[in-house]
Amino acid sequence: MMAADPVSLPTAPTTAISRTRMLVWLGYAEALAIPLLALLVSALLFSVFLLALGKSPVQFFQLVWLGGFGTAFSWSNTLLRAAPLMLTALAVAIPARLGMTMIGAEGALVLGGFSAAAIALPMIGVVNPWAMNAAMMLAAITIGGLWTGLAGSLRRYRGVNETISTLLLSYIAIAIMNFFVEGALRDPADPNKPSTRNIGAEAMIGKIPGIDVHWGLAFAIGACILLYILMLRTTFGFACAVAGGNPRAALAQGLPVGRLVVIASMIAGACAGLAGFFEVAAVHGKANASLAAGYGFTGILVAFLARHHPLAIIPVAILFGGIAAAGGIIQRRMGLPDASVLLLQGLCFVVLLASETLYGRLRLFNPALRTERT
Amino acid sequence: MSTMRAIGLDVIGMSKRFGALAALDNVSLKVPAGTFHALLGENGAGKSTLVKCIMGFYQPDSGQVLVDGQARAIRNPREAAEAGIGMVYQHFTLVPSLTGAENLVLANPQGSAVIDWRKENAALDAFLARMPFRVPLDRPVAQLSAGEKQKLEILKQLYLDQRFIILDEPTSVLTPAEADEVLGLMRDMTRRGEVTVLMISHKFREVTAFADDLTVLRKGALVGSGRVIETSHETMAAMMIGDTPIRERADRVPRENAPVVLDLAGLFADADDGRPAIEAINLKVHAGEIVGIAGVSGNGQSALVEVLSGQRPMRLGQMFIHGEDFMPNRHDMARFKVFGLPEEPLKNATVPTMSVAENIAFRTFDRPPIARLGWWLSQAPLRAQAEALIARYRVKTAGPQAPIATLSGGNVQRAILARELSGEVDVLVVANPCFGLDFASVAEIRAQIMDQRNRGAAILLVSEDLDEILGLSDRVAVMSGGRITYVEAIEKTDRATIGSHMAGGGH
């Protein structure tokens with residue numbers, strides 16, 4: 001049909017393939033270089049802050065290295081924190097691939113963990129620990145998924161902004177847990193901190209053989225790989241990418257954008273709920289206020305730094321797990337308050353968001369800028 | 001001509017580069033006081049760059065502007081205003097919630113912090129008494145028609161005492177009658193020596209009817225200028241497009257007793273604010289027929305396209321294809337072979353950050369061979385499909401993996417044509433397919449649409465360009481106020497009749 005067409009255009013040069021490949025690699029390099037640059041800049045800014053306090057930045061970063069990555073003990077401490085961070089980061093990254101900014105992983109984690117602890121209560125000492133863990137995990141994933149799915153549905157059916165709704169739903173989730181933990185489900189045997197009854201040592205999730213970290217890490221890495229495949233290698237992920245990149249175009253292609261929005265937010269909530277399950281079944285043994293430890297919020301930073309790529313989340317979560325793990329030693333050795341690590345995280349986030357504007361503007365990674373107008 | 005208030009403007013040897021691209025290359029332009037000058041050229045020819053340099057939005061690399069023969073440096077739009085040069089933009093710059101009077105007073109840069117409305121109103125009344133335009137100034141701008149808004153924009157420039165007025169495609173939102181009225185009034189003002197007009201346009205008819213002189217730009221360079229009465233439309237077209245080969249359109253294959261393919265029965269849908277956007281739309285499109293939908297922008301045409309393409313929910317009504325119920329979802333679109341060419345394809349039909357290959361696969365990614373086992377996306381057939389279609393539709397791209405946003409407008413459109421028209425098409429929904437494209441691309445697209453018609457597709461063509469509708473359609477329908485107010489075979493109607501229905505009048 002087109003053969004008879006008289007319009008003639010210059011054909012693409014034969015070097016086009018290698019040029020495209022170079023452009024693709026430059027794209028990867030840009031995606032790596034800009035977050036690294038952002039980290040470096042925030043480290044420098046934080047150094048200025050430390051100098052103003054009269055503390056040594058060199059000592060600080062040495063201690064971060066020592067406390068996070070220097071010894072086998074610090075590594076297990078780091079990975080222990082990295083596991084929930086990976087899952088909460090996925091809870092941000094998956095909706096982000098659909099163009100949504102959902103920041104409610106904290107609430108889904110808390111409610112998922114609480115649901116796991118609550119469903120375990122009648123089973124403690126009665127049901128086989130394997131079956132009990134399975135029921136707890138299922139409850140955490142389901143409730144977490146439904147909770148964030150609620151925000152997705154509000155967005156789909158009522159046009160409610162998902163960022164606001166997930167944030168506010170987080171506070172409601174924490175309040176729901178506190179309501180039960182301080183009331184009906186409080187363990188009377190524990191006079192100190194309002195908690196649910198401990199699930200018992202035999203029901204606790206064990207360690208991965210060979211390293212001093214519970215199985216949650218394996219599940220978290222598994223979830224990252226699984227969701228990488230789902231989002232980047234399947235037709236579902238492709239449909240999500242189209243719907244996230246241009247919802248109007250996706251609708252015109254007949255794609256069920258609204259349904260994808262709800263499914264993605266349910267996947268997000270399920271990830272955070274899974275993190276809550278491991279916090280209860282592998283760390284605390286019960287649900288209490290310690291569940292709201294901020295993993296959900298640090299996860300936002302991890303997801304953004306990883307540019308919402310499920311595999312990139314793994315190393316970034318380990319990095320921030322390490323920084324968090326070093327908090328204790330920094331507090332002891334340098335006399336800095338615990339919050340200083342949070343300050344570093346906050347700085348990273350602000351610098352990172354500012355660095356987003358650099359994409360497509362650096363000539364090193366965008367050769368087209370040298371020849372064409374912007 | 002005793003009261004010549006208009007000012008003349010000369011542009012001498014103006015050049016402006018953006019990186020390696022010469023947007024303007026040594027362009028000179030002479031607009032004597034009290035004349036109506038048309039600036040012609042394709043998209044990207046440099047018309048906007050030229051007027052933006054005149055208005056002080058850009059600083060030219062070389063060249064100068066003479067106002068009434070005096071060299072004048074214009075470093076920003078405020079200095080342009082001080083020199084008496086005002087511009088009316090293609091898109092309205094009025095505040096919709098304020099009245100016309102408030103908009104005019106607001107625009108005054110010397111306005112005081114406290115507004116004495118009695119004084120301002122008196123000044124406005126005195127001003128309006130001198131003006132040939134009549135626009136109700138006491139109503140919010142949102143309630144005005146497009147023609148009234150356009151007049152108000154012009155009034156605003158006159159109220160600010162601008163005596164050299166640049167009009168940027170001023171009639172794109174007007175009915176033919178409104179366009180003729182506004183341009184006629186402007187021409188009368190130039191004749192009386194009150195203003196000078198420089199109009200950017202690509203409508204030859206308006207240039208011939210209203211302008212005194214014309215200047216044509218192509219690829220940033222001046223290709224010709226002269227008196228309008230001495231220049232035929234053929235000459236204008238030849239100057240605008242140069243020696244670019246233009247695809248000939250296939251002849252219309254006559255067709256009789258073709259079956260109804262697309263049947264819209266009583267469609268109702270609401271706008272985003274809940275008000276009705278389309279009401280009781282009934283329309284049948286036969287196989288091998290192009291039904292053109294004319295109308296002034298904003299009368300429900302885009303809502304109708306959105307309903308057909310699943311972007312806007314239908315409140316009431318039914319759609320049938322070949323007599324069967326049609327819902328605009330992926331399953332039915334594939335089953336009934338429904339495709340679409342939206343306006344501004346990069347914005348409306350692509351994900352700009354995804355690759356050309358991925359964008360071409362939007363229709364086929366969930367079917368074999370690209371989808372394996374129903375869910376696994378295999379890259380090799382996706383790329384093979386893209387390479388075949390890129391070659392067949394001659395999409396100029398650095399490669400299938402290049403982001404589609406890196407392509408030029410014509411090539412994005414070609415990639416979309418490849419995606420939407422490379423298979424069998426039973427129903428095609430087309431909306432303003434030629435916005436922002438050059439001549440060769442426009443001819444290509446129109447030829448493709450005609451090909452599809454001749455092969456038996458039922459085509460709904462929504463366009464704000466009446467010439468496009470008159471040139472392509474078998475039947476014309478006019479939308480006004482969200483309803484179809486007029487349907488007629490193309491050979492039984494004419495521009496004036498369609499225009500009066502567009503204006504909401506009828507006979």
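We use all heavy atoms of the structure for the numbers below, so side chains are in, but hydrogens, waters and symmetry mates are not. Letters go in sequence order (proteins before strands), and every chain restarts at 1.
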| task | Give, as side chain, backbone, both or neither, the part of A/I229 having an atom under 4.5 angstrom from any heavy atom of chain B. | result |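 Side chain of A/I229 only, per the 4.5 Å heavy-atom cut-off to chain B.
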| request: Let me know if A/A250 has heavy atoms under 4.5 Å from chain B in its side chain, its backbone, both or neither. | output: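 Neither part, no heavy atoms under 4.5 Å.
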| query | In terms of heavy-atom pairs under 4.5 Å, which option from A/L255, A/T235, A/T234 contacts chain B the most? | reply |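 Greatest number of close heavy-atom pairs with chain B: A/T235.
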| message | Looking at chain B, which one of A/G254, A/A239, A/P247 has the largest number of heavy-atom pairs inside 4.5 Å, strictly under? | response |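 The answer is A/G254.
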| message | Given 3.5 Å as the limit, does a donor-acceptor pair link the side chain of B/K16 with the main chain of B/Q59, or not? | response |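 Yes: the side chain of B/K16 pairs with the backbone of B/Q59.
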| task | Indicate yes or no: at least one non-hydrogen side-chain atom of B/M333 is less than 4.5 angstrom from one of B/P328. | result |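 Touching, per the 4.5 Å side-chain cut-off.
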| field | Carboxylate-amine/guanidinium proximity below 4.0 Å for B/R312 and B/D270 | value |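 Salt bridge absent between B/R312 and B/D270.
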| message | Between B/E424 and B/R455, does any side-chain N to carboxylate O distance fall below 4.0 Å? | response |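 Salt bridge absent between B/E424 and B/R455.
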| If you look at every heavy atom in A/S165 and A/L154, which pair is closest and at what distance? |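 Smallest heavy-atom distance, with atoms named: CB-CD1, 4.4 Å.
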Contacting region of [X] [heavy-atom separation from chain A under 4.5 Å]:
{"X": "B/E358", "result": "both"}
{"X": "B/T350", "result": "backbone"}
{"X": "B/R419", "result": "side chain"}

| field | Test log, rule side-chain contact (heavy atoms from CB on, under 4.5 Å), inputs B/F362 and B/M354 | value | CA-CA 11 Å; B/F362 281 6; B/M354 288 173 90; 4.2 Å; yes
